[in-house]
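Notes follow the structure.
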Number of protein chains: 4
Amino acid sequence: MTASKNPRPRIKSRVGRPPSNDLINAPADQDRRGVILDAAIRRFAETGFDGTSMRDIAASTGILTGSLYYHFKSKEELFCAVHEESIRVISANVVAAIDPGANPWTRLEQAASAYLQNLADHSAFVSIVIGETHRRRPAPLGERLIQHRDSFEKHFTEIVESLPLVTDVDRNIWRLALLGMLAWTYVWFDPNARIPADEMGRRLVAMLREKTSA
Amino acid sequence: MTASKNPRPRIKSRVGRPPSNDLINAPADQDRRGVILDAAIRRFAETGFDGTSMRDIAASTGILTGSLYYHFKSKEELFCAVHEESIRVISANVVAAIDPGANPWTRLEQAASAYLQNLADHSAFVSIVIGETHRRRPAPLGERLIQHRDSFEKHFTEIVESLPLVTDVDRNIWRLALLGMLAWTYVWFDPNARIPADEMGRRLVAMLREKTSA
Amino acid sequence: MTASKNPRPRIKSRVGRPPSNDLINAPADQDRRGVILDAAIRRFAETGFDGTSMRDIAASTGILTGSLYYHFKSKEELFCAVHEESIRVISANVVAAIDPGANPWTRLEQAASAYLQNLADHSAFVSIVIGETHRRRPAPLGERLIQHRDSFEKHFTEIVESLPLVTDVDRNIWRLALLGMLAWTYVWFDPNARIPADEMGRRLVAMLREKTSA
Amino acid sequence: MTASKNPRPRIKSRVGRPPSNDLINAPADQDRRGVILDAAIRRFAETGFDGTSMRDIAASTGILTGSLYYHFKSKEELFCAVHEESIRVISANVVAAIDPGANPWTRLEQAASAYLQNLADHSAFVSIVIGETHRRRPAPLGERLIQHRDSFEKHFTEIVESLPLVTDVDRNIWRLALLGMLAWTYVWFDPNARIPADEMGRRLVAMLREKTSA
DNA sequence: CATGAATGAGTCTTCATTCAT
DNA sequence: TATGAATGAAGACTCATTCAT
């Protein structure tokens, strides 16, 4: 049976905020770190790392530029937190969509569908992750971004390992082919158009599963 | 039978000068524009659009910064030319690799292999094209980049149209799936490692053609 | 006979707190001020007044930056205390080395030797004093630093006054010449090399006492 | 015979300016590099390296801050040029004051007098050199400053080598003692007061030459 | 007394671009 | 056409200091 209409709740960002009893702290000010992170995610998603200035980010929070540095010691550090948070949200959504009891193909469809669903629900997170994948950042930052990505791809790796594939298929290449198909949807897929994200996810998985040649 | 060992010559950049009416432009002009374009391609590929300054480019040509503006009226204009040239070279390599007389599957394998071969031979061009695909640039520039990309994808579109696919396959999605797989190789494929570019191209095409599920 | 091997104990910093009426200030106050002063001495000595930030100082004590301002109302005030303490320690070492019963030339040798010995034992204090001597600080701070220095030079003034010098020597100039020789050792003298501090002190005094010309 | 009243012309800074035919170039604008260097010397002398901002320097020239960087690639580079120029002027004045035909003691008096005369004529240069001698700057800059100083002290080294001193005197220490006396005059000597620079120079040399003890 | 957070002016530096010569 | 110089806004980041809690 193929995955049903994504019945599980989708994860939203909590940008590292402690539970915060909203009853008492009405103005919801508090927690400037979270406010900054939120703003930074939006700005980085729109204009990228290089195209976004600390001033931009500060301006869209009301905080002064200098104050950002109390919470994040550099622009790179801030971006790294943004990237990690993006990966965290996307990963959580993917994981939440997987029914651990289902068979591997179903689980893969669920994962792929959830991946695409992020485009609709949290395109900022996807922008940040995909947008920076292709620009090699120098060492200290660059390596941390790669670690984040690995922690995400791991979920797919595990499923692909347990897939019943024909014996001469290289599972690494197979997985990377799928991830490429999925990542590229960022360039062309509109989840609000004719085909919804979950169906598109199943279709893409099906392409690698079945014979498409007549 | 799969495609043979890519026997056709690969295209190198002629740095996209317009046909150049040499009668009028006799004086030592010839090269300047080309020299700048060459340097710009290298720098933009290494450090991206935002990470590259006009000074960087000027410095690696011996030309003074101010002089750049005689040949290109802005940094965006220069980048646009660089992007167009990159697309032109990659397209030409793909086209040159296709045997027009071969059957569609073979032609597709030839195109995919040639695409990947660019990673080995002209990674700068690929860096520029892929690296900027995910960053939405504002209107005047952004739209021109999309046009360039379309002019490249066209070659794949034509082949995919003539492919004998099972009837319920959406050829648009099928093509975009393939292009995604290919584009993503930029992130993981090392053409100098175990598997050469042409074989990898055939393998990726095969994944979409055959049944991989056991 | 020249001064013997500096037998008197050398003074260490008690980080210049006022006598501290412990009856009133009972609570764990005792150390804080001293801890800050210690850290500040080290940092100012290493990186100078301008090169040291209040944050640097706070960081090397575990105290938070804001808390420094309870103990010292400004950076200048803190530096002033550091400078005063440095002068106090150096002065105390010089005074302790002088045998009040000895003749003036011996006393001068003892003082000079002790001065140089500070380079070996407490180079931080010397760094602070010498390093700031040549930078004219604006009025309120600047004048206090000069007062500190005067309180130190006084010890030499007294000895020089009682020296049996040839009648046409200007004792002021003579003293300043000696102090210049001594101060400048900060630039070139290594107390851990061939010649120890006490011998170097005697040699420098001897140069002004005897005829060095053949 | 001791040195006469410093008959040789004193060197002024030409801050690296090419001869510049002042007849044609009336507004004497031209040569912004020289203008910047002049202003920088003044500011650095007054407030030191750390206490002077590039804005300060730009403001006192009418040039915009950014423009400074066309002529000097960093603040350190600018300071280094300032320091080198200061050493150059002082050295030239010292050299110009020395009569190569005179005997060593006379030559030393001439050199010392000229050294002190700089305090009256070009105290900015002296401020820069002396003021930075006591602050250890990190490697790239620091080492260059030391080289500059060495190139100055060399003039004294040569004279001291040829001095007829009693045999057991260490000429290195002797020279450093003299240089210390001279450098320290920056702290106390007022060349416009009772004793003029040339006489003070001879007196200080005399102190190391003759027996001052009764 | 101590803290965490914020402030806002200030730091050096880089940039795309322009323009007289 | 090419150049050298200048521009001025913008970049990331630091700092001494303050203040409510």
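Per chain, numbering begins at 1; letters A, B, ... match sequence-line order. Only this structure's heavy atoms are used, side chains among them; waters, hydrogens and symmetry mates stay out.
Mapped onto DNA chain E by nearest heavy atom, A:T65 and D:D56 fall at different nucleotides, with A:T65 at the one closer to the 5' end. Place B:I63 and C:S53 on DNA chain F by their nearest nucleotides, and B:I63 ends up nearer the 5' end. Comparing A:L64 and C:L64 by the nucleotide of DNA chain E whose heavy atom lies nearest to each, the residue mapping closer to the 5' end is C:L64. Between C:E76 and A:K73, the residue anchored closer to the 5' end of DNA chain F is A:K73, taking for each the nucleotide with the nearest heavy atom.
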For this session: Dump the intermediate steps for side-chain contact (heavy atoms from CB on, under 4.5 Å) on A:L37 and A:L78, then the final yes or no.
Result: CA-CA 8 Å; A:L37 214 33; A:L78 173 52; 4.0 Å; yes
Exercise. Stepwise, does the side-chain contact (heavy atoms from CB on, under 4.5 Å) test hold for B:F44 with B:E132?
Worked result: CA-CA 10 Å; B:F44 280 135; B:E132 283 298 318; over 6 Å; no
Exercise. Should D:H148 and D:R88 be marked as a side-chain contact (heavy atoms from CB on, under 4.5 Å) after you check the CA-CA gap, both sets of side-chain angles, and the distance that decides it?
Worked result: CA-CA 8 Å; D:H148 296 166; D:R88 206 189 59 73; over 6 Å; no
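Using a 4.0 Å cut-off, some side-chain N or O of A:R32 falls inside it from OP1 or OP2 of E:dA6. Within the 4.0 Å cut-off from OP1 or OP2 of E:dA5, not a single side-chain nitrogen or oxygen of A:R33 is found. An OP1 or OP2 oxygen of F:dT14 is reached within less than 4.0 angstrom by no side-chain nitrogen or oxygen of C:R55. Within the 4.0 Å cut-off from OP1 or OP2 of F:dT1, not a single side-chain nitrogen or oxygen of B:H71 is found. Within the structure, a side-chain polar atom (N or O) of B:Y69 is placed less than 4.0 Å from OP1 or OP2 of E:dT17.
For DNA chain F, if you chain together Watson-Crick or G-U pairs that step i with j, i+1 with j-1 and so on, the runs of at least three with distances under 3.5 Å are E:2-21 with F:2-21.
Here D:E77 pairs with D:K73, D:R144 under the side chain to side chain donor-acceptor pair (under 3.5 Å) rule; sequence neighbours left out. With sequence neighbours excluded, no residue forms a side chain to side chain donor-acceptor pair (under 3.5 Å) with B:T61.
Remark: P of E:dT17 and CD of B:E77 are 10 Å apart, rounded to the nearest angstrom. Here the C1' atom of nucleotide E:dC12 and the CZ atom of D:F79 are 16 Å apart, to the nearest Å. For the pair B:L78 CG and E:dC15 C1', the interatomic distance rounds to 15 Å; values are reported in whole Å. Taking atom CG of residue A:D50 and atom P of nucleotide E:dC15, one finds them 11 Å apart after rounding to whole Å. If you take CG of A:L68 and P of E:dA5, they are 14 Å apart, rounded to a whole angstrom. If you take CZ of B:F44 and C1' of E:dA16, they are 11 Å apart, rounded to a whole angstrom. C:F49 has its CZ atom 12 Å from the C1' atom of F:dC15, to the nearest Å. Look at CE on D:M54: it is 23 Å from P on E:dA9, rounded to the nearest Å.
The backbone N or O of D:I57 lies less than 3.5 Å from a partner atom in the side chain of D:S60, making a donor-acceptor pair.
The residues A:R137 and A:D50 are annotated as salt-bridged, a charged nitrogen and a carboxylate oxygen being separated by less than 4.0 angstrom.
Looking at heavy-atom distances under 4.0 Å, B:S74 makes contact with sugar-phosphate atoms alone, never a base.
The side chain of A:Y70 approaches E:dA5 more closely than any other nucleotide in the set F:dT17, E:dC1, E:dA5. Residue B:S67 places its side chain closer to F:dT3 than to any other of E:dC12, F:dT3, F:dA16.
Of the candidates C:E46, C:R42, C:R43, C:D56 forms a side chain to side chain contact (heavy atoms under 4.5 Å, CB included) with just one, namely C:R43.
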